[in-house]
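Below: one structure, written as structure tokens.
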2 protein chains.
Amino acid sequence: MRLTTKGRYAVTAMLDLAFHSERTPVTLMDIATRQTISLSYLEQLFSRLRRAEMVVVVRGPGGGYQLSRPVAEINISDIIKAVDEQIDSTQCGGETNCQNQKACLTHDLWMGLSNQIHHYLASISLADLLERKPIQEVASRQEQDVEHLIELRREVIVRL
Amino acid sequence: MRLTTKGRYAVTAMLDLAFHSERTPVTLMDIATRQTISLSYLEQLFSRLRRAEMVVVVRGPGGGYQLSRPVAEINISDIIKAVDEQIDSTQCGGETNCQNQKACLTHDLWMGLSNQIHHYLASISLADLLERKPIQEVASRQEQDVEHLIELRREVIVRL
DNA sequence: ATATAGTTGACTGATTTACTGGGTTAAGGA
DNA sequence: TCCTTAACCCAGTAAATCAGTCAACTATAT
């Protein structure tokens, strides 16, 4: 279980989905605009999220992504694991042969530690995050800030 | 608070120190041999650990490193923060201006999350880890496995 | 048909990781 | 005083990862 900015991007994007995809799918372009993440980077992340069956896809016009299950059933740990390529942190993948064919100190230590963190993050769902006041406020502001940009983009595209 | 292999190396090395430096200082060479970490990499890590006042140094023959305080007063979070240069995970360093001079979704979310992880790791001390059975067993085995190597190294050096 | 939107892969620059090798400095012992 | 020990420090580097770009592709709704 690693904790890097990559995982944070994924959690942010999933939270954005949770806010906006209840009725209609959300395009990566919309998420990119609201969360200021590059579209192509989002594509990479969602490719993994899709393979991990965290999101479902609707292709074609009006399409986009939606969460594959209710927000209460998606936890932070799963999101991070989906994008963070699990090059397991002990170099032996639970094989317990990190050091001269035997377990290293780190093995038991870090396994235990990262298990605990994993369980902790697994206990937090998207639903939990959605309930938080400050997050709701930020999300509303983001919608207003960026709504006109998204509209503008659509109009401009239509005119061309 | 990031969670990478670098932090794991630091925690492993500190745990090794906790096991072996109670009476006499421990050289980085010994740790390098026991934990199979490169000596120069250890030097880098301990340079930071020393600046963070996690360890004290004794120079010259018979010297090495010792913990700066009792094992119960050194927690995992401090160790990781000492070596992981805190390029804060939100790009705004608590300034709350990550996105167009305002808070991003990530800000509150990730701040909260990483705070919780920080507190969790802060609640685990080296003393806690030392008490764990599997860790004790691995440490004993490592001593036996490597003791002769360390002895050998000293003899060889003496002969040269 | 055409525009929308996801899918895939190759490729890039920047940064971090983990390590090598060189020399310098402090301290202890013969 | 000289030698050894061991920390200190610096410059460099191969590999991996991060974050992102670009281009060609497929599926689908209108």
Side-chain angles (χ1 to χ4, degrees), chain A residues 2-10 12-13 17 21 24-33 35-51 55-66 80 83-89 91 106 150 153-160, chain B residues 2-10 12-13 17 21 24-33 35-51 55-66 80 83-87 89 91 106 150 153-154 156-160:
Chain A
R2 288 187 307 165
L3 229 44
T4 63
T5 51
K6 192 175 188 175
R8 199 187 73 227
Y9 276 115
T12 305
L17 254 195
S21 74
T24 58
V26 169
T27 70
L28 293 187
M29 192 64 206
D30 284 358
I31 299 178
T33 309
Q35 307 303 334
T36 49
I37 304 173
S38 101
L39 175 62
S40 303
Y41 198 43
L42 278 178
E43 284 174 355
Q44 284 179 37
L45 298 179
F46 273 80
S47 166
R48 287 167 178 279
L49 290 170
R50 189 179 55 80
R51 278 195 283 262
V55 294
V56 288
V57 67
V58 180
R59 297 181 68 151
Y65 286 95
Q66 283 179 306
I80 294 176
V83 298
D84 252 18
E85 62 234 77
Q86 202 72 351
I87 294 183
D88 90 291
S89 65
Q91 282 141 348
T106 312
I150 294 177
R153 200 181 64 230
R154 293 206 170 109
E155 284 171 27
V156 168
I157 289 169
V158 165
R159 281 180 204 157
L160 292 176
Chain B
R2 287 188 308 165
L3 229 46
T4 65
T5 51
K6 190 174 189 176
R8 199 187 75 230
Y9 277 113
T12 304
L17 255 196
S21 73
T24 57
V26 169
T27 69
L28 293 188
M29 193 65 207
D30 284 359
I31 300 178
T33 309
Q35 307 303 333
T36 50
I37 304 173
S38 102
L39 176 60
S40 302
Y41 197 42
L42 278 178
E43 284 176 355
Q44 283 178 39
L45 297 180
F46 274 80
S47 167
R48 287 167 179 279
L49 290 170
R50 188 178 54 81
R51 277 193 284 261
V55 294
V56 288
V57 67
V58 180
R59 297 182 71 151
Y65 286 95
Q66 282 181 305
I80 294 177
V83 297
D84 253 18
E85 63 233 81
Q86 202 75 346
I87 295 182
S89 64
Q91 283 138 348
T106 311
I150 293 176
R153 199 183 63 228
R154 294 210 170 106
V156 168
I157 288 170
V158 165
R159 280 179 204 159
L160 289 178

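Residue numbers begin at 1 in each chain, while the letters A, B, ... track the order of the sequences. Atoms considered below: every heavy atom in the structure, side chains included; atoms not considered: hydrogens, waters and symmetry mates. Computed from a prediction, not measured in an experiment: that's the story for all the values here.
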Review point. Side chain of B/S47, backbone of B/E43: donor and acceptor closer than 3.5 Å?
Key: no
Check your understanding: Taking the side chain of A/P61 as heavy atoms from C-beta outward, which of C/dA27, D/dT28, C/dT8 is closest to it?
Key -> D/dT28
Check your understanding: At under 4.0 Å, does any side-chain N or O of B/T4 touch on OP1 or OP2 of C/dT16?
Key -> no
Revision key, fill the gap. Which of C/dT25, D/dT21, C/dG28 is nearest the side chain of A/S38? It is D/dT21
Check your understanding: Looking at the side chain of A/V57, which of C/dA18, D/dA7, C/dG6 is the nearest nucleotide?
Key -> C/dG6
Exercise for review: Kindly determine whether A/F46 and A/I31 satisfy side-chain contact (heavy atoms from CB on, under 4.5 Å), including the steps that lead there.
Suggested key: CA-CA 11 Å; A/F46 273 80; A/I31 299 178; 3.9 Å; yes
Review point. Quick check: does any side chain N or O of A/S38 sit under 3.5 Å from a backbone N or O of A/Y41, one acting as donor and the other as acceptor?
Key: yes
**Study point:** Any residue of residues 39-46 of chain A with a heavy atom less than 4.0 Å from an atom of DNA chain C
**Key:** A/E43
Point to revise | Side-chain N,O (A/R59) to OP1/OP2 (D/dT26) below 4.0 Å | key: no
Practice item. When you get a sec, tell me which of D/dA7, C/dC19, D/dT21 is the closest nucleotide to the side chain of B/T27? Key: D/dA7
Practice item. Start with the C-alpha gap between B/Y9 and B/I37, add the side-chain angles, then the distance that decides, and say whether side-chain contact (heavy atoms from CB on, under 4.5 Å) holds. Key: CA-CA 8 Å; B/Y9 277 113; B/I37 304 173; 3.4 Å; yes
Study note, to complete from the structure: A/M29 atom CE is separated from D/dG20 atom P, nearest whole Å, by 14 Å
Review point. Are side-chain heavy atoms of B/K6 and B/L45 found at a separation under 4.5 Å?
Key: yes
Review point. A/R2 side chain N/O closer than 4.0 Å to the phosphate oxygens (OP1, OP2) of D/dC18?
Key: yes
Exercise for review: Report yes if a side-chain nitrogen or oxygen of A/R51 is closer than 4.0 Å to either non-bridging phosphate oxygen (OP1 or OP2) of C/dG6; otherwise report no.
Suggested key: no
Exercise for review: Measure the shortest side-chain to side-chain distance between B/V57 and B/Q66 over non-hydrogen atoms and say whether it is less than 4.5 angstrom.
Suggested key: no
Exercise for review: Tell me which of A/G7 and B/G63 sits closer to the 5' end of DNA chain D, going by the nucleotide each one is nearest to.
Suggested key: B/G63
Point to revise | Whole angstrom value for the distance that separates C1' of D/dC18 from CD1 of A/I80 | key: 16 Å
